[in-house]
Amino acid sequence: MTVAVYPGSFDPIHNGHVDIARRAARLFDHVYVAVYDRPSKHLLFSTDERVALAEAALSDVPNISVVSYRDLTVALVERLQAQVIVRGLRAISDFEWELQLALTNRKLAPQVETVCLMTSIEYAFLSSTIVKDVARHRGDLSSMVPQVVAKALGEKFGYRPWGIDQRQ
Ligand code: ADP
């Protein structure tokens, strides 16, 4: 049984993340989407909110669960008895950081492999930062995030994003 951990800030989870998680779930027996509690980034959503949104976005995939963590990713990987860290790659600019991260994790835990999945072209432009910027300016989020995330962003920024069913 091969178990993978897909770690990140997921602030919030968007369609690029969802795509990587779903594709990883086809490759591995179980995938833990691991929400990092305290990244060195300014967060819009609390850890509980980020976990709940990821759970809602991926609830239809039986072999994905969502956890949060606050220590080293490799420590979580060991706790969950996983073998693989999954990361997503959008552009060359992601590569340098992901390589550094993968080599650090290899140094800390040589038995853990990092597997990078290439973004799907339709999500190559997406990042949580972009999504938050669009939401801040009350833009249409319908092609960028799951509906539950659009709703949560709308609540944070005080508007009803396009693409949300008006009856909800
Ligand atoms: P982190 O703070 O660890 O970078 P993120 O939530 O920003 O966390 O991203 C988690 C992972 O998802 C990273 O490996 C990132 O490169 C990947 N990722 C982010 N956006 C996309 C996207 N549009 N397509 C594919 N992978 C992505």
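It should be emphasised that the depicted structure is a prediction, and the values quoted were computed from it without experimental measurement. For ligands, and for the atoms within them, numbers begin at 1 and follow the listed sequence.
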How far apart are the C-alpha atoms of D11 and S9, what are their side-chain angles, what is the distance that settles it, and do they pass the side-chain hydrogen bond (donor to acceptor under 3.5 Å, both in side chains) test?
CA-CA 5 Å; D11 184 45; S9 312; over 6 Å; no

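In this structure, a donor-acceptor pair under 3.5 Å is present between the side chains of S120 and R23. Under the 3.5 Å distance criterion, with hydrogens and angles disregarded, no donor-acceptor pair is assigned to the side chains of S46 and D48. Defined by atom type and a distance below 3.5 Å, a donor-acceptor pair is missing between the side-chain atoms of D37 and S68.
Side-chain atoms of H137 do not come within 3.5 Å of backbone N or O of G139 as any donor-acceptor pair.
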For residues 100-113, run the donor-acceptor check on the side chains, cut-off 3.5 Å, and write out each pair with its distance to 0.1 Å, sequence neighbours left out.
residue : atom : partner : partner atom : Å
T104    : OG1  : Q100    : O            : 2.7
N105    : ND2  : L101    : O            : 3.4
Q111    : NE2  : E78     : OE2          : 3.2

Less than 3.5 Å apart, N/O on ligand 1 and N/O on the protein: could you list those pairs with the distances?
residue  : atom   : partner : partner atom : Å
ligand 1 : 2 (O)  : S9      : OG           : 2.6
ligand 1 : 2 (O)  : K41     : NZ           : 2.7
ligand 1 : 3 (O)  : R87     : NH1          : 3.0
ligand 1 : 3 (O)  : R87     : NH2          : 3.2
ligand 1 : 6 (O)  : S9      : N            : 3.2
ligand 1 : 6 (O)  : F10     : N            : 2.9
ligand 1 : 6 (O)  : H17     : NE2          : 3.2
ligand 1 : 8 (O)  : S9      : N            : 3.0
ligand 1 : 9 (O)  : H17     : NE2          : 3.4
ligand 1 : 12 (O) : Y6      : OH           : 2.8
ligand 1 : 14 (O) : R87     : NE           : 3.1
ligand 1 : 14 (O) : G88     : N            : 3.0
ligand 1 : 14 (O) : G88     : O            : 3.3
ligand 1 : 14 (O) : E98     : OE2          : 3.3
ligand 1 : 16 (O) : G88     : O            : 2.6
ligand 1 : 20 (N) : H14     : NE2          : 3.4
ligand 1 : 20 (N) : R90     : NH1          : 3.3
ligand 1 : 23 (N) : Y123    : O            : 2.8
ligand 1 : 23 (N) : L126    : O            : 3.0
ligand 1 : 24 (N) : T119    : OG1          : 2.9

